Visitor: 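Can you keep this structure in mind? I'll have questions shortly.
Naming convention: chains lettered A, B, ... in sequence-line order (proteins, then strands); numbering from 1 in each chain. For clarity, every value in this text was computed on a predicted model and none was experimentally measured.
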Number of protein chains: 2
Amino acid sequence: MSISPRQLEERKMRQERILAGALSVFKSKGLDGATMDEIANTSGFGKATIYYYFKSKEDVFSAILVDGWKNIWESLEPVISEDSSPRTTFVSVLIKIAENAQNRPGLFEFLFDVPKAIKLDNQPWKEYQNRLYAIIQGLLDDGIKQNEFPQINPKLMFKALGGLFMGLVFMGDKKDPVTDKDIESLLNELIRDPKLNN
Amino acid sequence: MSISPRQLEERKMRQERILAGALSVFKSKGLDGATMDEIANTSGFGKATIYYYFKSKEDVFSAILVDGWKNIWESLEPVISEDSSPRTTFVSVLIKIAENAQNRPGLFEFLFDVPKAIKLDNQPWKEYQNRLYAIIQGLLDDGIKQNEFPQINPKLMFKALGGLFMGLVFMGDKKDPVTDKDIESLLNELIRDPKLNN
DNA sequence: TTACTTTTCGACTCATCATTCGAAAATATA
DNA sequence: TATATTTTCGAATGATGAGTCGAAAAGTAA
């Protein structure tokens, strides 16, 4: 007999506890500023115990991001494989991401914002990130071709909508979360569908 | 006799040389990743010499940002005090910033992008940054009130335009710089002036 | 209870810098 | 030229913090 299912589960819970503590430390201090001692204290373990569960500080950092992106991606897949017009799918994707972000606000801000400044050899989460960006860019490309969006350089459109979307999602206070309708109406207000002329 | 004007000027040039070297190091390694040794080598001085001109690594970092923002601000002031409609002034401000960015691309990307992740006690450049953001936000507020922009939450508009603008400016390759017309036409295409109905 | 595995941890090691020192070179001044 | 000031720098200093060690506690199984 080696390891019972319960043991495995407990182990995973401890890992998650560590990651939660680490997230809060990373968010306030950054990757370099965070110390393993502080992560250990915050998550309620001794320093050496952290190393029992993770190989290195960077490993902890990585795990947070990979975990987070994996979740996003799983919730996104059904929406993407839906077979609708680019603009419709686009809106659904944004709404789905916003939902995710609402569930774990601290995490998602981190996911999208923080890792820009980071210099690591392995950035396994980048793969998810790039895949998502590629999808969105593709939807914009197609949407513009099909005249569902204004005729603008798609890459620019991407940047603009990126800023807009981040603003929308991370601005929504906890009390006043962003609704599906918010996203849809904002997008329709700001980025007109040329085929409708209201 | 203490210090001749030429001496002062040379001193300033040496400081600038250091800042230029430091910028390139900070850009590739970040504030924490950069070492004084590397900054010294890159800028062609001995390490101790850097300390002759600057109090600390953070001081070097700060100086880069304060310098940069001071320049932006000086070039911006005349445009802002111009007395035109919010939308017009808004466009002029963006154009002026884009011009600045074109002159020293490396610097401006740093100015707008990097310091988000930084944790320093004194962030004197923040004052400039906030002043600029306040101006822009004010222009948007007024523009929306005067119905020169779509009726959208001004803070959201700010975020969206922020993303758009960054994309525009920092995307423009050196070969194919962004022109005034680019900015103006893009803005007019994407963000309609409700008073014109084309 | 006893033997075995998993988990926990504080103290230690070791490398990496930021910063300082003190002396020398270069330059200015008389 | 002789003296004073400014500039330069490599070598020490000291702090910090990532990662390791070895032992003990806690849990499991018989």
Visitor: Would you tell me if any nitrogen or oxygen in the side chain of K57(A) comes within less than 4.0 Å of OP1 or OP2 on dA18(D)?
Guide: yes

Visitor: Let me know the distance between CZ of R14(B) and C1' of dC9(D), rounded to the nearest Å.
Guide: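 Value for this atom pair: 14 Å.
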
Visitor: Between atom CD in E58(B) and atom P in dT19(C), what is the gap in whole Å?
Guide: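 Between P of dT19(C) and CD of E58(B): 6 Å.
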
Visitor: Can you work out whether G46(A) or Q7(B) has the more 5'-proximal nearest nucleotide on DNA chain C?
Guide: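 The residue whose closest nucleotide sits nearer the 5' end is G46(A).
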
Visitor: Between G44(A) and D37(B), who's closer to the 5' end of DNA chain C by nearest nucleotide?
Guide: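 Checking each residue's closest nucleotide, the 5'-ward one belongs to G44(A).
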
Visitor: Taking only the side-chain nitrogens and oxygens of R6(A), find out if one of them lies under 4.0 Å from OP1 or OP2 of dT28(D).
Guide: yes

Visitor: Might you point out which heavy atoms bring L76(B) and K96(B) nearest each other, and give the distance in Å?
Guide: CD1-CG, 3.4 Å

Visitor: Whether R14(B) and E10(B) form a salt bridge (side-chain N of Lys/Arg under 4.0 Å from carboxylate O of Asp/Glu) is what I want to check.
Guide: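 Answer for the salt bridge query: yes.
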
Visitor: Measure the distance from CD1 on I50(B) to C1' on dC9(D) and round it to the nearest whole Å.
Guide: 11 Å

Visitor: Looking at the side chain of T35(A), which of dT8(C), dA18(C), dG17(D) is the nearest nucleotide?
Guide: dG17(D)

Visitor: Round to the nearest Å and state the distance from N41(B) atom CG to dG10(D) atom C1'.
Guide: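 From N41(B) CG to dG10(D) C1': 12 Å.
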
Visitor: Quick one: which residue pairs count as a side-chain hydrogen bond (donor to acceptor under 3.5 Å, both in side chains) with a foot in residues 41-52 of chain B, not counting sequence neighbours?
Guide: D37(B)-K47(B)

Visitor: Taking only the side-chain nitrogens and oxygens of Y51(B), find out if one of them lies under 4.0 Å from OP1 or OP2 of dC9(D).
Guide: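 No, outside the criterion.
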
Visitor: Looking at every heavy atom in both S62(B) and W125(B), which two are closest together, and how far apart are they?
Guide: OG-CZ3, 3.4 Å

Visitor: Indicate whether OP1 or OP2 belonging to dT7(C) is found under 4.0 Å from a side-chain N or O atom of Y52(A).
Guide: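 Affirmative; the distance criterion is met.
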
Visitor: Which comes earlier along DNA chain D counting from the 5' end, the contact point of M36(A) or that of A48(B), where each point is its nearest nucleotide?
Guide: A48(B)

Visitor: Between R11(B) and dT6(D), is there a contact of a side-chain N or O with OP1 or OP2 at under 4.0 Å?
Guide: no

Visitor: For E10(B) and dA26(C), give me the distance from atom CD to atom P, rounded to whole Å.
Guide: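 The distance from CD of E10(B) to P of dA26(C) comes to 15 Å, rounded to the nearest Å.
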
Visitor: Can a salt bridge be assigned to the pair E74(A) and K70(A) using a cut-off of 4.0 Å between side-chain N and carboxylate O?
Guide: no

Visitor: From CG of L31(B) over to C1' of dA18(C), roughly how many Å is that when rounded to an integer?
Guide: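 So the CG-C1' distance, L31(B) to dA18(C), works out to 12 Å.
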
Visitor: Under 4.0 Å from OP1 or OP2 of dC9(D): is there any side-chain N or O of T49(B) that close?
Guide: yes

Visitor: Starting from P on dT19(C), measure out to OH on Y53(B) and report it in whole angstrom.
Guide: 19 Å

Visitor: Is K47(B) side chain donor-acceptor paired with the dG10(D) base, going by distance under 3.5 Å alone?
Guide: no

Visitor: How close or far is atom P of dT19(C) from atom CZ of F61(B), stated in whole angstroms?
Guide: 14 Å

